[in-house]
Amino acid sequence: MADTAPPASPPDGVPPDAPPEAVPPDAAGPQAATSETVGPEDGAPRERDVTLRMEHASIAYGDVPVLEKIHGIVHPGEAVALIGPNGAGKSTLIKAILGLVPVVRGRIEVLGRTPALARRDVAYVPQADTLDPDFPVSVEQVVMMGRYRKIGWLRRPGRADRTAAAEALEQVGLTQRARHRFGTLSGGQRQRVLLARAIAAQPRLLLLDEPFNGVDAVSQHALLEAISVLKGRGASVVISTHDLAIAHLACEEVCLLNRYQFGFGPAEEVLTPECLRATYGGHALELRGDRVIVAQS
Amino acid sequence: MNLFEPFATPFMARALIELIILGALAGTVGVLVLLRKLAFVTDTMTHTVFPGVVIGYLAAGEGGIFWGALAAGMVTAALLTLLTRRRKVSEDAALAMLLTSLFALGVVLVSRQSGYTTDLTAFLFGRVLTVTGEQLAQTALISVVVIVMLALLRRPLLLRAFDPETAEAAGYRTGLLDVATNLLVAVVIVAAVRAVGTILVIALLIVPAAAARALSDRLALIVPLAVVIGVLGGWFGLATSYEASIHHGVRLAAGGTVVLVLTGLYLLAGLGGVARRRIVRRRAAAGPLDQATAGISTGVTG
């Protein structure tokens, strides 16, 4: 199994001392072209203050390259928004960070480890509407799923698991819905439950795939609140989204994607009309003062 | 109708015990089939086990059936895992082709026998009344193994069924979980094949779980309900078939009667489910805060 415990468990309290400035993409230049064979023994954390490091990473399904030359660093307590049109490769990048899609050139490191070895410290939040609303699970059961890796095969959920699950549910403001069936909740509430499940896993890196799609204002607020609490505890967050406004609200950093990387850095530097026009190609783009509107296809 | 009198004779008692074990086993595994939406895959498996049954019988007589079925079950479980991982299951022509061609292979093989129709009927519909003590022991052993496996794998299997992407992201080997699922289903089919035949076993796997789902939204209740419904189906079916054959001169095949009783139980459960949702709605109407929720819940269940 790939889920054997990491050789050296990294210390718990990683200080959220993220430098606010962007790291220039070429800061890691000299070492970028070095050893491509990262063995499992490479698992010891080299730099403790980097959660996610992408070095000229190219990602491909078989022979078809989906993303090329992705380059950037995410520090503890920071959030990065992946922004780009449909089919730009946002979900693929998330899958690569999870180690589910191969990086064919360059590399992606999570907490100094290869993605597959870092999975225990990473939590993924899918889009709620991809899940069957008729599935017979309660909200609290769904949240407890976030503890499964920690619970293991034989043990029953213990006090620590129940506490973590209850606290996670409280963080998204759905404690009173614990016993309801997952499918009876609204779309936004379901998304919050899925975030609670991820929080219950106590991740150091959280990956969210389009969490704000079709989510009402109340739930959007609850999601943003919970994400900012996680960041305050030193977790890093990667959010793929279409919504530039939310990218501004929730994320310090922005990664513009459309097959290639069109920018990676502080939101105010990257979310410029020029960069967005480049990312979205010829697609309708309206500029009014400093506001940018991207037409969805 | 007497529910106990028929089982005074040893052969009827053995038949009853066999069907009770099978009902409980298939009810449990059936919940997994339901959650994974594997009804069609399961149906395919019941048909692909058939040539194994025939080959086992031709090679080693009555005692070869189990091992032939087991071999065929293992092979098709692996094959179906590969097939279904690559494409959408529900509209899959490949499954239908596999189902019919292997079934046809079984029919062709059995048609070379002299007692062709009797054999065919036995393989398709089983012979629950001739179950031996040894068969009972086999069924019981298989049940223990399957239940232990399910108990060990229950959490990964649940996560895989509910949210496959997250299961993979958490590092679970979903491919192995899928093989395990199909193997568990195959083993239940193999265990049931001599008693109820390849055709009727599908009902044991699908109907109790579906009926239980109609009665409850909670997994912790669905599993025991499915077990109870599976057991009741076997018991009432066997008793009905005995009653009709002995006391009323109407010969009812035991396996078929069991399936019809199960279907009857399913219809009852369906009515129960409608009533349950109506109660939920009425309760929700009493508390206006929850009204919206109840509306959604009644919209998606059933």
Side-chain angles (χ1 to χ4, degrees), chain A residues 1-4 91 94-95 97-101 115-120 122-128 130-138 141-142 144-157 176-177 179-187 189-190 194 197-198 201 203 207 209, chain B residues 31 34-37 148-177 209-210 212-223 225-226 273 277 280-281 284 289-302:
Chain A
M1 300 282 292
D3 54 315
T4 48
S91 299
I94 286 180
K95 291 219 160 74
I97 297 170
L98 287 165
L100 299 175
V101 179
L117 290 176
R119 280 192 192 129
R120 274 176 190 269
V122 179
Y124 169 70
V125 180
Q127 288 185 57
T130 60
L131 302 179
D132 176 11
D134 206 18
F135 202 92
V137 279
S138 67
Q141 269 177 309
V142 172
M144 190 56 84
M145 287 177 185
R147 302 294 298 179
Y148 279 3
R149 296 259 62 165
K150 290 187 168 64
I151 294 171
W153 303 84
L154 291 169
R155 200 165 65 80
R156 294 167 66 87
Q176 71 284 8
R177 296 302 193 108
R179 294 188 158 270
H180 290 224
R181 186 161 59 82
F182 178 73
T184 62
L185 271 55
S186 76
Q189 290 171 333
R190 278 182 237 168
L194 296 182
R197 177 177 68 178
L207 307 170
D209 194 2
Chain B
V31 175
L34 175 92
L35 293 180
R36 288 288 318 279
K37 302 188 171 61
V148 167
M149 287 288 291
L150 271 180
L152 282 176
L153 292 173
R154 68 189 189 283
R155 283 192 280 254
L157 286 174
L158 180 66
L159 180 55
R160 158 73 186 91
F162 175 62
D163 185 353
E165 271 194 322
T166 301
E168 259 186 70
Y172 287 109
R173 306 287 191 88
T174 55
L176 289 180
L177 288 173
R213 178 70 187 88
L215 287 173
S216 177
D217 284 336
R218 292 177 50 209
L219 209 50
L221 269 179
I222 291 174
V223 175
L225 277 174
R277 282 192 295 276
V280 169
R281 205 181 310 165
L289 271 178
D290 284 337
Q291 204 156 19
T293 324
I296 297 164
S297 107
T298 46
V300 291
T301 40

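Protein chains get the first letters and strands the later ones, always in sequence-line order, with residue 1 at the start of each.
Open room surrounds CZ on Arg179(A); 12 or fewer heavy atoms of other groups in view lie less than 6.0 Å from it.
Between Phe162(B) and Phe182(A), the ring planes lie perpendicular to each other; the angle is over 60°, past the 30° to 60° tilted range.
Within the 4.5 Å cutoff, the side chain of Lys37(B) has heavy atoms near those of the Asp132(A) side chain. Residues Met144(A) and Leu158(B) fail the side-chain proximity criterion, which asks for heavy atoms closer than 4.5 Å.
Residue Ala167(B) does not touch chain A at all, counting heavy-atom pairs closer than 4.5 Å. Residue Leu152(B) touches chain A through both its backbone and its side chain, counting heavy-atom pairs closer than 4.5 Å. Of the two parts of Gln141(A), only the side chain, counted from C-beta on, holds a non-hydrogen atom closer than 4.5 Å to a non-hydrogen atom of chain B. In this structure, the portion of Leu100(A) lying under 4.5 Å from any heavy atom of chain B is its side chain and not its backbone. Within the 4.5 angstrom heavy-atom criterion, only side-chain atoms of Val142(A), from C-beta onward, approach chain B.
With sequence neighbours left out, the ring-ring contact (aromatic ring centres under 6.0 Å, His included) criterion links Tyr148(A) to no other residue.
Between chain A and the residues Glu165(B), Arg154(B), Arg218(B), the largest count of heavy-atom pairs under 4.5 Å involves Glu165(B).
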Audit row: Met145(A), Thr166(B), side chain to side chain contact (heavy atoms under 4.5 Å, CB included) steps and yes/no: CA-CA 10 Å; Met145(A) 287 177 185; Thr166(B) 301; over 6 Å; no
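Here the closest non-hydrogen pair linking Ala169(B) and Tyr124(A) is CB-CB, 3.7 Å.
For the atom pair CG of Asp134(A) and CG of Leu35(B), the computed distance is 10.5 Å after rounding to the nearest 0.5 Å. Residue Ile151(A) holds its CD1 atom at 5.0 Å from CZ of Arg155(B), rounded to the nearest 0.5 Å.
A cation-pi arrangement is absent between Arg119(A) and Tyr172(B) under the rule of less than 6.0 angstrom and at most 45 degrees off the ring axis.
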